[in-house]
Amino acid sequence: MPKVEIRSESCKSCGYCVKFCPKQVLAIGDKVNSKGYEYAKVAKPEACIGCKMCGVICPDAAIEVYK
Amino acid sequence: MEKIYARTKGIRPDVVSGFCPGCMHSTVIKLIGEVLEEMNIIDKTVAVLGIGCCGLKMEYMSYDNITSPHGRACAVATGIKRSNPDSLVYTYQGDGDFASIGLAESVSAANRGENISVIFINNGIYGMTGGQLAPTTLLGMKASTAPKGRIAEEHGYPMHMCEILNQLTAPCYLERTSCNTPQNTLKTRKAIKKAFQNQLDGKGFSMVEVVTNCPTNWGLDPLKSLEFLNEKMLTEYPLGVIRDNG
């Protein structure tokens, strides 16, 4: 099953991955990283299809995708 | 389980970029890194950076770079490329650098058909210096030096650099892209790869103009800045290949 990993320290909470995920796998979380950003989290891991759109749109290279 | 999308070796592994949340500068730097890694030429690449937010890139990327005096990146790149023809030399400039202060150097380098690649970031405003009016600012768009918005009679009209350079005989490849969707981001990646390949093949001057956002100086959050980019910026700056002699 495809899997998304978020590097929480690189995330700046812009929300692009949440907007462009076709399966609403991602969401902005409620925990903050050391810079104070509420980093994105994988809310519905079972829905991931491994399309990489989140990784492509992420400005800060905070997302890695496995399949 | 195989990694199908990894952080590129073109950016440093543990550095967080200095750009604001949602800024597409970081996206373009990531794409350049991916292309260089794919073409296996990271070791022989030299980036020539303009002044402004472009300078934040030097902490973030993992290969050689030099920062030029404001606007003179194309002239510096010319020198590096001519004295070291085996290197891949590209400039990374914003609109204030490429289209305003460096207009003479940029147009001259294009007119000579210098064998360099230019990545031109057009976000319609001066970013790091504090949101001043850029040559690419849209009519009616507010800037710190145009608090009532850009007025044609007072500030002139937005400049379209791809179309301006298309008047010249020498340039090889001119394309305007954006990073507003994953699809367009992949098109930008392809355009950057083509620009670099043109240089390796000795075909001359290539430029990729990437229409991006500046959430901070536009005064919008990242997602609203995407809407502004889609509705306003891309209407003024339509995407597409302007010239392809490659």
Side-chain angles (χ1 to χ4, degrees), chain A, chain B residues 1-34 37 56-57 60-62 121 178-190 210 212-216 220-227 229-230:
Chain A
M1 200 178 77
K3 188 177 80 167
V4 178
E5 256 180 24
I6 294 166
R7 299 160 54 105
S8 57
E9 279 302 307
S10 298
C11 178
K12 291 180 186 158
S13 197
C14 67
Y16 291 172
C17 56
V18 179
K19 179 179 166 73
F20 287 104
C21 176
K23 297 288 178 186
Q24 289 79 46
V25 172
L26 301 160
I28 297 295
D30 40 20
K31 291 185 191 154
V32 295
N33 62 18
S34 66
K35 290 191 188 296
Y37 294 118
E38 289 178 335
Y39 55 88
K41 66 173 183 185
V42 184
K44 288 197 290 178
E46 68 286 352
C48 182
I49 54 170
C51 67
K52 304 189 284 188
M53 289 213 184
C54 52
V56 171
I57 200 73
C58 176
D60 289 288
I63 298 179
E64 295 191 316
V65 186
Y66 296 82
K67 197 168 188 178
Chain B
M1 200 173 244
E2 188 196 348
K3 201 182 260 192
I4 55 168
Y5 191 86
R7 189 178 164 103
T8 167
K9 293 190 180 99
I11 50 182
R12 292 189 188 172
D14 294 316
V15 175
V16 178
S17 81
F19 297 104
C20 305
C23 175
M24 291 172 188
H25 264 294
S26 344
T27 318
V28 179
I29 295 165
K30 181 184 77 168
L31 294 175
I32 294 171
E34 286 175 6
E37 189 180 350
L56 293 170
K57 183 176 188 292
Y60 191 41
M61 59 208 259
S62 63
I121 307 295
S178 184
C179 291
N180 59 333
T181 60
Q183 292 79 0
N184 279 340
T185 308
L186 291 173
K187 283 185 189 165
T188 304
R189 189 181 192 276
K190 205 172 157 193
V210 190
T212 65
N213 60 351
C214 181
T216 302
L220 300 169
D221 71 33
L223 291 174
K224 290 215 174 92
S225 79
L226 268 189
E227 284 169 27
L229 178 65
N230 292 336

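First the proteins, then the strands, lettered A, B, ... as listed; each starts at 1. These numbers come from the heavy atoms of this one structure, side chains and all, not from hydrogens, waters or symmetry mates. None of these values were measured; they are calculated from a predicted model.
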Can you see which heavy atom on [X] is nearest to which on [Y], and at what distance?
X	Y	result
Ala61(A)	Lys30(B)	CB-CD, 3.8 Å
Thr27(B)	Val56(A)	CG2-O, 4.3 Å
Leu223(B)	Tyr16(A)	CD2-CD2, 3.9 Å

### Task
To the nearest 0.5 angstrom, please state how far the CG atom of Asp221(B) sits from the SG atom of Cys14(A).
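Answer rounded to 0.5 Å: 10.5 Å.
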
### Query
Ignoring hydrogens and geometry, is there a side-chain-to-backbone donor-acceptor pair from Tyr5(B) to Gly55(A) under 3.5 Å?
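At least one qualifying donor-acceptor pair exists.
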
### Query
Between the side chain of Lys12(A) and the main-chain N/O of Cys23(B), is any donor-acceptor distance below 3.5 Å?
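No.
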
Chain A heavy atoms under 4.5 Å from [X]: which part of the residue, side chain, backbone, both or neither?
X	answer
Leu226(B)	side chain
Thr8(B)	neither
Ile11(B)	side chain
Met1(B)	both
Gln183(B)	side chain
Lys3(B)	both

### Task
Sort out for me which of Ser225(B), Ser26(B), Pro182(B), Pro215(B) touches chain A most, counting heavy-atom pairs under 4.5 Å.
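Most heavy-atom pairs under 4.5 Å with chain A: Pro182(B).
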
### Message
At a 4.5 Å cut-off on heavy atoms, which part of Lys19(A) comes close to chain B: side chain, backbone, both, or neither?
### Response
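For Lys19(A), side-chain heavy atoms alone lie under 4.5 Å from chain B.
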
### Interface moiety of Ser13(A) toward chain B, non-hydrogen atoms closer than 4.5 Å
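It is neither, since no heavy atom gets under 4.5 Å.
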
### Query
Taking every heavy-atom pair that is under 4.5 Å apart, which of Asp60(A), Val65(A), Ile57(A) has the most such pairs with chain B?
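With the most close heavy-atom pairs to chain B, the winner is Val65(A).
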
### Task
Any chance you could lay out the side-chain contact (heavy atoms from CB on, under 4.5 Å) test for Thr185(B) and Met53(A), step after step, and finish with the verdict?
CA-CA 10 Å; Thr185(B) 308; Met53(A) 289 213 184; over 6 Å; no

#### Entry: Phe19(B) vs Pro59(A) side-chain heavy atoms within contact, under 4.5 Å
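No, side chains not in contact.
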
